[in-house]
Amino acid sequence: MNKFQSHIQKWPTTSRLLHWISALLLLVTWCLMLLYGNSDNSLYLNLHKAFGMSVLFWMIARLINRLLTNTPPSVPMPVWQSIISKLTHFALYALLIAMPMAGLLMSVYGGHPVDIFGLFEIPVFVTPDRSAARFYNDVHTDIIWPMIIAFTLAHIGGALYHQFIKKDNLIKRII
Ligand code: HEM
Ligand code: HEM
């Protein structure tokens with residue numbers, strides 16, 4: 001153990017599991033949209049919606065876990081970096097909850113129930129409204145999605161900076 005590893009304090013197991021599974025669900029949801037874009041096969045769109053709703057479910061579980069468990073003390077870093085990292089984490093939580101909600105509202109305002117892996121269906125619980133559907137489509141694709149990309153890249157960039165420039169092995173806290 002070197003001087004950098006000696007102070008490593010991991011996130012609790014639940015937080016680590018929730019972290020990597022939410023990253024995986026986000027990746028799958030995005031890949032399904034790419035497949036749908038390339039094939040126009042509605043199976044991929046339905047799976048996109050079901051996995052997207054799983055992200056919502058998972059992020060709510062993650063939020064509850066975050067509020068209930070102790071977080072490890074931050075590693076030493078300049079105040080501005082600490083503020084940016086906290087802001088980025090907060091933004092990722094907020095965006096990954098808002099994104100599926102906008103997707104769900106887009107679908108139901110468009111008059112489409114949402115099938116969850118053939119297990120059950122979220123019915124159209126609003127009066128269908130084309131302009132509301134268009135509004136949530138724009139929020140989903142033109143506002144929240146670019147923000148998710150930006151914050152995720154900043155987050156991964158931060159992790160790479162810790163790994164290869166600061167060499168403080170921060171990643172060990174989450175794996
Ligand atoms: C975190 C979860 C989600 C992510 C990251 C995500 C991401 C995306 C992306 C990247 C697009 C394509 C935007 C483009 O055209 O460039 C898209 C489109 C779409 N998403 Fe999602 N989505 C999520 C959840 C959902 C949910 C829960 C639903 C519905 C229940 C949904 C319904 C749709 C629909 C209907 C489209 C438009 C497809 C079309 O072009 O006709 N999404 N989503
Ligand atoms: C290759 C991908 C990723 C890497 C290497 C990575 C790395 C890390 C590391 C090292 C931490 C701990 C930071 C610390 O201890 O101060 C962390 C925390 C966090 N990560 Fe990631 N991450 C990745 C993907 C993602 C994705 C895709 C998301 C969400 C979209 C995400 C959201 C978060 C959040 C919100 C935290 C704060 C912990 C919490 O409050 O639950 N990460 N990540």
Side-chain angles (χ1 to χ4, degrees), residues 8-12 14-37 40 42 44-59 61-67 69-77 81-82 84-110 112-116 121-122 124 133-134 136-164 166 168-175:
I8 286 174
Q9 276 183 279
K10 284 183 176 260
W11 285 79
T14 46
S15 310
R16 286 182 271 140
L17 203 69
L18 286 158
H19 176 269
W20 290 111
I21 293 184
S22 51
L24 190 68
L25 285 174
L26 175 64
L27 186 68
V28 171
T29 305
W30 173 54
C31 288
L32 285 162
M33 190 34 74
L34 290 181
L35 286 171
Y36 174 64
D40 232 18
S42 65
Y44 294 129
L45 180 58
N46 289 337
L47 283 172
H48 169 80
K49 294 181 183 183
F51 274 98
M53 289 308 293
S54 310
V55 173
L56 177 61
F57 170 80
W58 203 255
M59 288 308 294
R62 199 170 158 186
L63 188 62
I64 295 170
N65 174 74
R66 179 70 166 79
L67 297 173
T69 52
N70 288 329
T71 57
S74 316
V75 293
M77 61 175 90
Q81 282 183 13
S82 166
I84 290 183
S85 100
K86 287 199 170 72
L87 252 166
T88 304
H89 294 165
F90 178 82
L92 286 170
Y93 270 95
L95 292 168
L96 287 183
I97 288 174
M99 184 71 173
M101 286 170 84
L104 175 64
L105 289 170
M106 172 202 328
S107 292
V108 290
Y109 273 116
H112 306 291
V114 177
D115 177 59
I116 306 293
E121 211 176 61
I122 302 174
V124 176
R134 217 169 299 126
Y136 286 111
N137 192 341
D138 290 348
V139 170
H140 193 72
T141 50
D142 297 339
I143 299 176
I144 309 183
W145 181 236
M147 290 175 79
I148 291 180
I149 296 178
F151 281 103
T152 304
L153 289 180
H155 180 65
I156 295 173
L160 293 175
Y161 165 76
H162 278 276
Q163 196 62 25
F164 297 110
K166 274 188 88 182
D168 60 3
N169 234 337
L170 183 83
I171 198 149
K172 274 238 162 129
R173 286 157 60 90
I174 202 85
I175 53 178

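Note that this is a predicted model, so its numbers are computed, not measured. When a ligand or atom number is given, it counts from 1 through the structure's own listing order. The figures that follow rest on heavy atoms only: side chains count, while hydrogens, waters and symmetry mates do not.
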Need the ligand 1 atom indices (1-based, order shown) with element for anything under 4.0 Å from a heavy-atom of [X].
{"X": "Met106", "result": "33 (C), 34 (C), 35 (C), 36 (C)"}
{"X": "Gly52", "result": "2 (C), 24 (C), 27 (C)"}
{"X": "Trp145", "result": "5 (C), 10 (C)"}
{"X": "Val114", "result": "30 (C)"}
{"X": "Met53", "result": "27 (C)"}
{"X": "Ser107", "result": "29 (C), 30 (C)"}

Subject >> Lys49-ligand 1 polar pair, N/O distance under 3.5 Å >> reply: no

Original post:
Does any N/O atom on His48 come nearer than 3.5 Å to any N/O atom on ligand 1?
Top reply: yes

Contact between [X] and [Y] at the side-chain level, heavy atoms closer than 4.5 Å - yes or no?
{"X": "Met101", "Y": "Leu56", "result": "yes"}
{"X": "Thr71", "Y": "Arg66", "result": "yes"}
{"X": "Pro100", "Y": "Met59", "result": "no"}

Subject >> More than 12 heavy atoms of other groups within 6.0 Å of Met147 CE >> reply: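 Atom CE in Met147 is not crowded, with 12 or fewer foreign heavy atoms closer than 6.0 Å.
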
Original post:
Does atom CG of Asp142 have more than 12 heavy-atom neighbours from other groups under 6.0 Å away?
Top reply: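 Buried by this count: over 12 neighbours within 6.0 Å.
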
Original post:
With under 30° as parallel and over 60° as perpendicular, where do the rings of Trp145 and Trp30 fit, or are they tilted in between?
Top reply: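 Because their plane-to-plane angle lies in the 30° to 60° range, the rings of Trp145 and Trp30 count as tilted.
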
Subject >> Value rounded to 0.5 Å, distance of CG in Leu26 from CD1 in Ile148 >> reply: 6.5 Å

Subject >> Distance in Å, His19 NE2 paired with Arg173 CZ, rounded so as to fall on 0.5 Å steps >> reply: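 Spacing of NE2 (His19) from CZ (Arg173) equals 11.5 Å.
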
Subject >> Side chain Trp58, main chain Leu18, donor-acceptor under 3.5 Å >> reply: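 Looks like yes, one N/O pair under 3.5 Å.
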
**OP:** Ignoring hydrogens and angles, tell me if any N or O in the side chain of Lys49 forms a donor-acceptor pair with the backbone of Leu104 under 3.5 Å.
**Re:** no

Original post:
Near ligand 2, which protein residues have a heavy atom under 4.0 Å away?
Top reply: Trp11, His19, Trp20, Ala23, Leu26, Arg62, Arg66, His89, Leu92, Tyr93, Leu96, Thr152, His155, Ile156, Ala159, Leu170, Ile171, Arg173, Ile174

